[in-house]
Peer 1: 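Below you'll find the structure I mean.
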Amino acid sequence: MQNRIKELRLKNKETQVSLAKFLGVAQNTLSYWEQGKYDVDTQSLQKIADHFNVSVDYLLGNKEKKSPELNIKNILPIKTKK
């Protein structure tokens with residue numbers, strides 16, 4: 001997970017200071033999360049996921065994709081012949 005947080009932060013050109021401020025944690029706490037020294041608390045994990053528009057599963061390393069793909073065919077009603 002630690003690599004995914006850092007990866008997303010860098011990809012979005014965000015500093016540790018700005019992300020830590022958004023999360024309401026100290027910069028060194030975020031640094032420890034990125035290094036894997038501390039586990040991220042549940043509330044912060046959800047904030048990070050929401051901030052970067054990814055799933056918590058993605059942050060935890062359980063999914064390769066950042067978020068589920070939306071397929072419009074699965075949403076629209078199926079037309080039936082009468």
Side-chain angles (χ1 to χ4, degrees):
M1 169 181 38
Q2 61 272 10
N3 292 332
R4 294 226 166 136
I5 295 171
K6 184 175 183 178
E7 170 191 311
L8 289 166
R9 182 178 60 75
L10 293 175
K11 183 178 179 183
N12 288 277
K13 298 178 181 175
E14 190 160 0
T15 65
Q16 280 187 345
V17 172
S18 67
L19 182 56
K21 185 175 181 177
F22 169 78
L23 296 170
V25 299
Q27 181 270 327
N28 63 332
T29 299
L30 178 58
S31 177
Y32 291 147
W33 290 346
E34 289 186 353
Q35 295 173 45
K37 292 182 179 181
Y38 290 164
D39 290 331
V40 183
D41 62 275
T42 307
Q43 185 179 7
S44 296
L45 191 61
Q46 186 62 58
K47 277 184 163 181
I48 294 167
D50 291 344
H51 183 68
F52 291 116
N53 197 30
V54 297
S55 67
V56 171
D57 275 347
Y58 177 78
L59 290 176
L60 294 174
N62 296 332
K63 287 187 174 184
E64 286 299 313
K65 294 183 180 179
K66 293 181 183 176
S67 59
E69 289 184 24
L70 185 61
N71 186 341
I72 195 73
K73 291 179 183 178
N74 294 335
I75 297 172
L76 297 175
I78 299 172
K79 293 182 180 181
T80 58
K81 294 183 181 179
K82 290 187 178 183

Peer 1: Rounded to the nearest 0.5 Å, how far does CG of N3 lie from CD of Q35?
Peer 2: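 These two atoms lie 10.5 Å from each other.
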Peer 1: With distance as the sole test, does S18 use its side chain to make a donor-acceptor pair with the main-chain N or O of T15 at under 3.5 Å?
Peer 2: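 Yes; judged by distance alone, with no hydrogens or angles, the pair exists.
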Peer 1: Report all side-chain donor-acceptor pairs from residues 23-30 shorter than 3.5 Å, counting only partners two or more places apart or in another chain.
Peer 2:
unit_1, atom_1, unit_2, atom_2, d
Q27, NE2, Q16, OE1, 2.3

Peer 1: Grab the two heavy atoms, one from F52 and one from L8, that are nearest each other, plus how far apart they are.
Peer 2: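 Residues F52 and L8, closest heavy atoms: CE2-O, 3.7 Å.
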Peer 1: R9 and side chain to side chain contact (heavy atoms under 4.5 Å, CB included): which single residue from E34, R4, H51 fits?
Peer 2: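 Filter result, single survivor: E34.
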Peer 1: Check side chain to side chain contact (heavy atoms under 4.5 Å, CB included) between Q46 and all other residues, then give those that pass, not counting sequence neighbours.
Peer 2: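 A49, D50, V56.
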Peer 1: Looking at CD of Q43 and CD1 of I48, how far apart are the two atoms once the value is rounded to the nearest 0.5 Å?
Peer 2: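 Rounded to the nearest 0.5 Å, the CD-CD1 separation comes to 11.0 Å.
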Peer 1: Out of curiosity, S44 OG to L19 CG, how far, rounded to the nearest 0.5 Å?
Peer 2: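 If we round to the nearest 0.5 Å, S44:OG and L19:CG are 9.5 Å apart.
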Peer 1: Would you kindly confirm whether V40 and V17 end up in one hydrophobic cluster when ILVMFWY residues are joined by side chain heavy atoms under 4.5 Å apart?
Peer 2: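 Different clusters: V40 never reaches V17 through Ile, Leu, Val, Met, Phe, Trp or Tyr contacts under 4.5 Å.
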Peer 1: Distance check, rounded to the nearest 0.5 Å: I5 atom CD1 versus L10 atom CG?
Peer 2: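 Reported to 0.5 Å precision, the distance equals 12.0 Å.
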Peer 1: Indicate the atoms forming the closest heavy-atom contact of Y32 with Y38, along with that distance.
Peer 2: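 Shortest heavy-atom separation between Y32 and Y38 comes out as CD1-CE1, 3.2 Å.
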